[in-house]
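Before any comments, here is the structure.
Since the structure is predicted, the reported quantities are computational estimates derived from the model, not experimental observations.
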There are 2 protein chains.
Amino acid sequence: MKLSQKAEAFVSHFGEMSSRWGFNRTVGQILALLVVRSSSLNADEISQALHISRGNVSMGLKELQSWRLIRLERIPGDRKDYFTTAGSISDMARTVFEERRKREIDPTLSLLRDHLLDTPVNEEEEHAQQQMAELHDLLELLTQWGAHLNNMSAEQLQSLMKLGAGVSKMLELKDKVVGKN
Amino acid sequence: MKLSQKAEAFVSHFGEMSSRWGFNRTVGQILALLVVRSSSLNADEISQALHISRGNVSMGLKELQSWRLIRLERIPGDRKDYFTTAGSISDMARTVFEERRKREIDPTLSLLRDHLLDTPVNEEEEHAQQQMAELHDLLELLTQWGAHLNNMSAEQLQSLMKLGAGVSKMLELKDKVVGKN
DNA sequence: TTAAATTTTCAGAAATTTTTGAAAATTATA
DNA sequence: TATAATTTTCAAAAATTTCTGAAAATTTAA
């Protein structure tokens with residue numbers, strides 16, 4: 001299991017970026033490795049390729065499974081577990097979005113909703129609640145957007161994208177025709 | 001500088017979430033505090049309110065300034081620096097998106113572009129490059145999307161959102177009329 | 001100027017996260 | 001079943017990140 005120069009660089013870059021993307025270095029490297037290799041790999045191969053301990057690989061694989069980014073495969077006549085990415089790059093992107101929404105947005109939305117039930121008792125709380133309401137509405141808008149985009153096919157997305165700035169124009173038109181909501 | 005029960009909870013939640021959002025606990029708490037308070041605060045007030053050292057506050061404020069999320073204000077007759085959030089919640093959200101794109105996406109896009117210039121020398125590299133190309137195109141699509149959305153007014157966004165699933169329908173219609181892209 | 005007020009820096013301490021590797025648990029085969 | 005192969009767990013070590021607080025630097029006012 002030797003990595004080409006290029007694969008090496010890709011994997012290592014992913015390792016560096018991974019903390020910004022919500023997982024730790026090893027997890028990022030394992031994922032990058034599986035993305036870049038065409039065949040599935042077992043834990044020992046991963047351990048060797050990345051120079052990390054067997055136990056660490058085991059934990060990393062579990063984490064990636066909890067993200068639903070990789071899947072286990074068995075090869076007949078081989079006792080080892082083999083792993084590959086779960087779907088195409090864009091499948092994985094969708095999964096990451098959904099999973100990050102759950103971890104990064106949902107808890108905050110839920111907290112905000114709770115707070116918005118209370119009645120503010122003074123100026124200061126009035127202002128606080130105002131801000132929280134704004135944040136709440138924004139996060140909700142974003143998650144709904146995300147859900148819509150997630151449900152669109154890659155082609156539709158492309159198509160919408162090509163419309164580009166035209167989207168705004170189209171909206172104006174619609175507003176003119178239908179009447180500003 | 002005493003915080004209400006509610007403000008306290010909000011600030012503390014932000015502190016917990018902040019590592020998932022790309023900054024450390026103190027930075028998250030300082031931001032939350034400034035979001036929730038209606039008047040600007042100086043470093044000592046922040047330090048007291050959050051029970052963190054003066055030096056830590058100084059570093060946190062610098063970090064938040066580098067994110068362009070807060071701005072400094074001077075109060076006539078007072079030597080201290082005072083800080084408030086830079087704009088509304090949605091202004092800040094735009095800034096965070098842009099800043100995160102710079103930190104989380106741009107470096108990867110640039111690495112991928114480099115790799116895509118090379119010619120693969122075997123099956124394995126062929127596959128690797130295929131994957132990288134897919135990732136590259138996806139990231140580019142996403143950043144373009146982000147840029148568009150960022151340029152739209154809050155009202156336009158709302159309006160587009162209200163269209164909801166209708167967007168796809170509209171696209172189909174457009175494809176029918178204009179001919180598939 | 002000078003001195004007081006304020007902010008910043010940064011070395012070391014504390015806290016947190018990641019990693020290792022050996023033992024325990026599980027799974028597959030004979 | 002017994003045993004060999006494999007995976008998982010987890011305590012302790014290593015690495016990294018965050019935080020403190022005192023000293024240095026900067027800014028402001030007298």
Side-chain angles (χ1 to χ4, degrees), chain A residues 1 11-34 40-67 70-84 103-104, chain B residues 1 11-34 40-67 70-84 103-104:
Chain A
M1 253 304 299
V11 165
S12 146
H13 174 86
F14 246 65
E16 279 169 45
M17 297 301 286
S18 55
S19 68
R20 306 187 174 192
W21 280 91
F23 21 74
N24 70 34
R25 181 167 60 245
T26 356
V27 171
Q29 290 185 334
I30 295 174
L31 182 59
L33 182 63
L34 295 180
S40 56
L41 300 175
N42 65 46
D44 284 323
E45 290 170 327
I46 295 171
S47 168
Q48 273 185 260
L50 302 179
H51 309 288
I52 57 181
S53 76
R54 188 59 188 66
N56 202 359
V57 170
S58 178
M59 291 188 297
L61 289 170
K62 255 186 101 186
E63 169 91 358
L64 285 169
Q65 282 179 296
S66 90
W67 277 80
I70 63 175
R71 62 189 167 69
L72 194 154
E73 238 172 25
R74 305 291 320 235
I75 293 180
D78 193 328
R79 289 196 188 183
K80 291 195 170 75
D81 292 341
Y82 284 76
F83 295 89
T84 353
R103 296 167 194 226
E104 301 181 3
Chain B
M1 253 303 301
V11 165
S12 145
H13 174 86
F14 246 65
E16 279 169 46
M17 296 301 285
S18 55
S19 68
R20 305 186 176 195
W21 280 91
F23 21 75
N24 70 36
R25 182 168 59 246
T26 355
V27 170
Q29 289 185 333
I30 295 175
L31 183 60
L33 181 62
L34 295 179
S40 55
L41 299 174
N42 66 45
D44 284 323
E45 290 171 327
I46 295 171
S47 169
Q48 272 185 261
L50 302 179
H51 308 288
I52 58 181
S53 75
R54 188 59 188 65
N56 202 359
V57 170
S58 178
M59 291 189 296
L61 289 171
K62 254 186 103 186
E63 169 91 358
L64 285 169
Q65 282 179 295
S66 91
W67 278 81
I70 62 173
R71 62 187 167 71
L72 194 153
E73 237 172 24
R74 304 291 319 232
I75 292 179
D78 193 329
R79 290 195 187 183
K80 291 197 172 74
D81 292 341
Y82 283 77
F83 295 89
T84 354
R103 297 166 194 228
E104 300 181 5

Could you list by number each residue of residues 19-29 of chain A showing a heavy-atom separation from DNA chain D of less than 4.0 Å, or answer none if no residue does? none
Given atom CG of Asn56(A) and atom P of dT17(C), what is their separation to the nearest angstrom?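 My rounded result for the distance is 16 Å.
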Measure CG/Leu61(B) against P/dT9(C) and give the value in whole Å, please. 12 Å
List for me each residue that meets side-chain contact (heavy atoms from CB on, under 4.5 Å) alongside Thr84(B), sequence neighbours excluded, and say none if there are none.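 Partners of Thr84(B) under the side-chain contact (heavy atoms from CB on, under 4.5 Å) test: Ser40(B), Arg71(B), Glu73(B).
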Who passes side-chain contact (heavy atoms from CB on, under 4.5 Å) against Ser47(B), sequence neighbours left out?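 Partners of Ser47(B) under the side-chain contact (heavy atoms from CB on, under 4.5 Å) test: Val57(B).
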Which part of the nucleic acid, if any, lies within contact of Asp81(A), taking any heavy atom under 4.0 Å across all strands shown: a base, the sugar-phosphate backbone alone, or nothing?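 Counting heavy atoms under 4.0 Å across all strands, the contact made by Asp81(A) is with sugar-phosphate only.
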Pairs under 3.5 angstrom, nitrogen or oxygen only, protein versus nucleotides 26-29 of chain C, please.
unit_1: dT29(C); atom_1: O4'; unit_2: Arg79(A); atom_2: NH2; d: 2.8

Pairs flagged by salt bridge (Lys or Arg N to Asp or Glu O under 4.0 Å) wherever residues 14-30 of chain A is involved - sequence neighbours left out: none
Is there a side chain to side chain contact (heavy atoms under 4.5 Å, CB included) between Leu72(B) and Phe83(B)? Walk through the geometry before answering. CA-CA 5 Å; Leu72(B) 194 153; Phe83(B) 295 89; 4.1 Å; yes
Going by the rule ring-ring contact (aromatic ring centres under 6.0 Å, His included), which residues pair with Phe14(A) if we only count those two or more places apart in sequence or in a different chain? Phe10(A)
Could you list all the side chain to side chain donor-acceptor pair (under 3.5 Å) pairs where at least one residue sits in residues 55-66 of chain B, not counting sequence neighbours?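 Pairs touching residues 55-66 of chain B that pass the test: Glu63(B)-Trp67(B).
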Once side chain to side chain donor-acceptor pair (under 3.5 Å) is applied, do any residues pair with [X], and if so which ones, sequence neighbours excluded?
| X | result |
| --- | --- |
| Arg74(B) | Asp81(B) |
| Arg54(B) | Asp44(B) |
| Ser12(B) | none |
| Thr26(B) | Asn24(B) |

Of Arg54(B) and Gln65(A), whose closest DNA chain D nucleotide lies nearer the 5' terminus? Gln65(A)
What are the 5'-most and 3'-most nucleotides of DNA chain D lying under 4.0 Å from any heavy atom of chain A? dA4(D) to dC10(D)
